[in-house]
Structures are given as structure tokens and as C-alpha cells.
Amino acid sequence: MYKAPRGTQDKLPSEQSYWAYVTHKAQGLCQLYGYQRLDTPTFEEAGLFQRSIGEGTDIVEKEMYTFKDHGGDLMTLRPEGTAPVCRAYIEHGMQNLPQPVRLYYLSPIFRYERPQAGRFRQHHQFGCEAIGDEDPSLDAEIIELAWRLCESLGLRGLTLQLNSIGCPECRPLYLQRLKQYYTNHSESLCQDCKARLVRNPLRLLDCKKPICKELAQEAPSITDHLCATCNTHFNDVQRLLATIEIPFTNNPFLVRGLDYYTRTVFELHPKEEGAQSALGGGGRYDLLIEELGGKPSPAIGFATGLERLILNLQRQDVAVPNIDQPSVFITYLDYQGKVEAVRIASSLRHAGIGANTPPGGRSLKAQLKQANARGASHAVIVGGEELERGNITIRDLTQGQQQEIPIDQVVQHLSNLQQGPTASIQNGVIW
Ligand code: HAM
């Protein structure tokens with residue numbers, strides 16, 4: 001029997017309320033902050049990711065789904081959302097729009113990782129990118145957006161970790177010191193870190209192995225090596241975050257797993273900590289657009305993993321609104337009633353009222369049971385003597401009361417009843 005591939009999941013109808021809730025909140029925030037949606041292809045030229053994420057990273061070295069297509073070109077399933085957004089920004093001449101350009105995406109992401117709770121081979125990200133300005137107020141805006149998303153979803157106990165990893169002016173000296181420190185401890189490093197020491201020493205700070213984590217604690221700190229410009233930028237970001245009351249913790253060892261970052265980096269962590277627990281993360285990538293062939297366009301962004309947000313909502317028992325379900329169930333007694341029921345259901349839906357009819361010849365009792373099980377608010381009963389009188393019965397399933405009304409008034413009657421706020425949500429995201 002076939003199963004979903006390891007590390008992937010079917011998003012079942014019973015879980016769709018969470019997906020609708022999270023994507024609805026995310027899109028609402030984007031509207032408030034002025035971010036516009038951009039959808040990019042699911043696969044891109046492999047070189048785009050190799051160049052931007054960096055050759056010495058786990059993603060490029062071990063996790064990309066890369067394949068040669070029938071034309072012999074090397075393609076990669078999107079392992080992150082930032083590089084495709086930058087590619088599209090350059091390709092569509094967005095440098096000529098008023099800067100910064102604020103964009104967001106909701107996309108499936110593919111990484112060949114070892115699956116475990118909250119870590120998948122196909123996951124989904126909501127990400128925002130503000131491109132074309134290096135002002136620290138944009139750093140504060142992006143971090144605020146990420147924080148407010150988690151907060152407005154109802155997640156509690158969040159922490160925000162913040163760091164600056166400098167620029168090409170100050171980082172080389174720091175890397176030299178870092179390399180020196182780790183060379184003195186190279187005996188104790190894990191195999192992966194021994195290789196990282198040669199190829200990409202910053203990644204050493206990111207290793208999750210206990211021995212390497214312990215060594216990282218004593219390593220030189222990047223914030224002690226920032227140049228004056230990076231230092232001022234970092235101080236400004238912190239001042240602005242304090243002004244808008246976003247609580248953060250400085251973590252001088254936060255470096256993130258992608259090579260394109262400069263200056264500000266940050267991560268959001270949930271209450272229950274774990275090696276793979278980041279709910280979201282991001283930072284500045286001031287040089288990436290230039291690296292990919294565009295005009296110098298400093299930028300900052302973040303992405304959150306939707307599966308991880310949902311996992312934490314479930315762990316914290318956060319109640320989410322239901323997705324709109326048809327609220328009227330049209331039951332019938334006989335064949336004539338069935339024909340009339342199909343006609344009434346059709347005209348209700350035409351008037352914007354969700355309606356279902358039960359197929360097959362079930363008893364009225366069984367049909368009403370199904371109406372209750374589906375959470376319908378009203379049942380319409382069609383057939384028998386009422387139908388001969390030109391009437392139907394409407395039963396309020398929550399109150400248990402019913403009344404007979406003329407058949408030609410059913411749409412008007414139900415639309416009057418349906419007005420007012422409902423705690424439900426539309427399912428509207430196309431991946
Ligand atoms: P990232 O930290 O690699 O950053 O991924 C962002 C978020 O995606 C993580 O914090 C996590 O919640 C989720 N995530 C990552 N890998 C998995 C996985 N295997 N299974 C489930 N969830 C996962 C980026 O991708 C950057 N592009 C973020 C960014 C945007 N930086 C600047 N702009």
C-alpha cells in the first residue's frame with residue numbers, strides 16, 4: 001500500500017481549521033504592514049540556491065532536492081523562500097519601484113532532513129521580505145511583524161533571540177579569531193565541525209552536538225568585533241525594539257543556518273525548547289541581491305514554519321475558529337420531497353447560504369442525525385402533507401424548535417436568520 005513519502009504529511013480536513021486560521025492571521029498582518037503577496041515557482045535553477053544559501057551549509061550540502069530535468073538543466077525544489085524572492089525582484093525590475101518593496105509568500109519548502117516532531121521534508125513557510133533599504137526601522141518592523149504574528153495567534157511563552165553578525169568589513173577579523181579559538185580545541189570537535197573549521201567557521205557556533213555547544217559558550221563573540229557602522233545599526237535596532245515593546249534576548253552565538261546574512265539576525269522560540277524548535281527566524285541580507293546580479297539593494301526578512309506554529313497552537317490548546325461549513329441541511333421524506341430539496345439547496349447556495357442534501361434513501365431520523373453530526377444550524381424538512389400545502393418545516397437544531405413556512409419564503413427566511421457575526425473562517429490559500 002502506498003503511503004505519503006517519509007517526512008511529508010497529508011493535511012486532513014480535520015486540521016484545515018488551523019491552516020486557515022494561521023494563514024488568515026498572517027495575511028491580515030501583511031495587509032496592516034503593507035506587504036504584498038508574491039508567488040514564485042516551486043523549483044528554480046539549482047545555482048540560485050547554491051549561490052545564495054552557501055556551499056558550506058547543511059541545506060546545500062545535504063538537504064536539497066536537486067534533479068536534472070529532461071532538457072538536462074539542474075533544478076532544485078525550493079529549500080527556502082528568500083532567494084526566489086530576490087531573483088523575482090531583480091527579474092521584474094522591482095528596483096525601479098519606490099523602495100523598500102515589501103513582499104510576502106506562503107510556500108511549500110523542501111529539505112531532505114531527518115524527520116522528527118516539527119521537522120519535515122516538505123514543510124510550509126510564511127515569509128516576509130522588505131527589500132531596498134538598510135534603515136534599522138525596517139529591522140524593527142520585520143521583527144515586530146514576526147512577533148505579532150505569534151502573539152496574535154495566541155501563542156504564549158515566546159522568546160526572541162537577537163544578534164548582529166556584522167558585515168564584510170568586520171567579519172573577517174572575527175572569523176580569524178574564531179578559527180584560532182576552535183583550532184586550539186579541534187581535538188574535541190565533532191566530525192562535521194572539523195570540516196566546518198576549514199570551510200565555514202561561523203557554522204561551528206550553530207552545531208547542536210553537546211560538546212560543540214559547550215565549546216561555543218567560551219568562543220569569542222561577534223558583537224565584540226563589530227565595526228562602528230554595524231555597532232550603531234545594532235544599537236538602533238535594539239532601541240527601536242525597546243520603543244515598540246518587543247522583548248528580546250541578546251544571543252551573541254546566534255548565526256542562523258544560511259550564509260547570506262549580514263548584521264541583524266533573529267529567531268523566535270516557543271515555550272517548549274528543543275534542538276529543532278525555532279518557530280521562525282530571519283535577518284538582514286544586504287549583499288544578496290547584488291550577489292545575484294541586481295543593483296545594491298539592502299534587505300531584511302523572516303520566515304516561520306507553519307507546521308511548527310500549528311504544533312505549538314495544539315500543544316497550548318489554543319482554540320481556533322471553524323472553517324465555514326454548510327449551515328443548512330435539507331432533509332426529505334419521499335421522492336417528490338427529494339426533488340424539491342435539491343431545488344431548495346441550489347437556490348440557498350445561489351443566495352450565499354451553505355446547504356447540503358443527504359444522498360440515498362435514509363430515514364428522516366437518520367438524516368436529522370447526520371445534520372447534527374455535520375454541525376448544521378438548521379434543517380429543512382421537505383415532503384408529506386406540508387409539501388402538499390406548499391410549505392416546508394424549518395427546524396432550529398440548536399434550540400430544537402421548528403416552524404412551518406411557505407416554500408417560496410425559505411431563502412428569505414434563512415437569510416434573515418443567518419445575519420450577524422459568526423466565529424468561522426474561510427479556507428482560501430492556494431499553495
Ligand atoms: P529558516 O530558519 O531556515 O530560514 O526557516 C524558517 C523557519 O521554517 C524555521 O524557523 C522553522 O520554523 C521552519 N522550518 C525550517 N526547516 C523546517 C523543517 N524541516 N520542518 C519544519 N519546519 C521547518 C529561512 O528559510 C530563511 N529564508 C528565512 C528568511 C527570510 N531570512 C530572511 N528572510
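In listed order, ligands and their atoms are each counted from 1. Just so we're clear, the structure is a prediction, and the values are computed from it rather than from any experiment.
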- Note on the structure: From the list H124, Q125, H123, side chain to side chain donor-acceptor pair (under 3.5 Å) with E307 holds only for H124
- Message: Would you say the ring centers of Y35 and Y104 fall short of 6.0 Å from each other?
- Response: no
- Run down the list P84, G281, P79, G7 and name the one with the heavy atom closest to atom 28 (C) of ligand 1. G281
- CA sep, side-chain torsions, deciding dist, call: Y105, C128, side-chain contact (heavy atoms from CB on, under 4.5 Å): CA-CA 7 Å; Y105 49 89; C128 291; over 6 Å; no
- Quick one: does L279 get an N or O within less than 3.5 Å of an N or O on ligand 1? yes
- Query: Is the shortest distance from a heavy atom of E307 to ligand 1 less than 4.0 Å?
  - Reply: no
- Message: Test of understanding: given a 4.0 Å heavy-atom threshold, classify the contact between Q125 and ligand 1 as side chain, backbone, both, or neither.
- Response: side chain
- Message: Could you work out, for atom 23 (C) of ligand 1, the closest of R114, E63, H123 by heavy-atom distance?
- Response: H123
- Would you confirm whether R102, through its side chain, and G34, through its main-chain N or O, come within 3.5 Å as a donor-acceptor pair? no
- Message: I'd like to know if the side chain of R119 and the backbone of R114 have a donor-acceptor N/O pair within less than 3.5 Å.
- Response: yes
- Message: Between ligand 1 and G118, can you find any atom pair, the residue atom being a heavy atom, that is separated by under 4.0 Å?
- Response: yes
- Message: How close do P41 and R87 get, counting heavy atoms only, and between which atoms?
- Response: CD-NH2, 3.5 Å
- Note on the structure: Under 4.0 Å between heavy atoms, the region of Y260 that gets near ligand 1 turns out to be side chain
- Query: Should the heavy atoms of other residues, nucleotides or ligands under 6.0 Å from CD of E45 be counted, would the total exceed 12?
  - Reply: no
- Message: Does the plane of the ring in F302 sit parallel, tilted or perpendicular to the ring in F266? Use 30° and 60° as the thresholds.
- Response: tilted
- Message: Below 30° counts as parallel, above 60° as perpendicular, anything between as tilted: where do the rings of Y65 and F110 land?
- Response: perpendicular
- Indicate whether the side chain of E129 and that of T82 have a donor and an acceptor atom separated by less than 3.5 Å. yes
- Message: How close do Y174 and P220 get, counting heavy atoms only, and between which atoms?
- Response: OH-O, 2.9 Å
- Message: I need the nearest protein heavy-atom contact for atom 4 (O) of ligand 1: residue, atom name and distance, please.
- Response: R256 NH2, 2.9 Å
- Message: Please state which option from F126, F266, Y261 has its nearest heavy atom closest to atom 31 (N) of ligand 1.
- Response: Y261
- Do any nitrogen or oxygen atoms of A278 lie less than 3.5 angstrom from nitrogen or oxygen atoms of ligand 1? yes
- Short list, please: which atoms of ligand 1 are under 4.0 Å from a heavy atom of E80? 25 (O), 26 (C), 27 (N)
- Message: Please list, in number order, the atoms of ligand 1 under 4.0 Å from a heavy atom of E113.
- Response: 16 (N), 17 (C), 18 (C), 19 (N)
- Considering all heavy atoms of both residues, which atom of A216 and which atom of L205 are nearest to each other, and what is their separation? CB-CD2, 4.1 Å
- Compute the shortest N/O to N/O distance between R111 and ligand 1 and return yes if it is under 3.5 Å, no if not. yes
- Query: Which atoms of ligand 1 have any heavy atom of E129 under 4.0 Å away?
  - Reply: 30 (C), 32 (C), 33 (N)
- Query: Hey, which atoms in ligand 1 end up nearer than 4.0 Å to a heavy atom of F302?
  - Reply: 29 (C), 30 (C), 32 (C), 33 (N)
- Does any N or O atom in G282 lie less than 3.5 angstrom from one in ligand 1, N or O only? no
- Could you establish whether G280 and ligand 1 come within less than 4.0 Å of each other, counting only heavy atoms on the residue side? yes
- Query: Based purely on interatomic distance, does T82 place a nitrogen or oxygen under 3.5 Å from a nitrogen or oxygen of ligand 1?
  - Reply: yes
- Query: Nearest to atom 20 (N) of ligand 1, what protein heavy atom do you find, and at what distance?
  - Reply: F120 N, 2.9 Å
- Compute the shortest N/O to N/O distance between G305 and ligand 1 and return yes if it is under 3.5 Å, no if not. yes
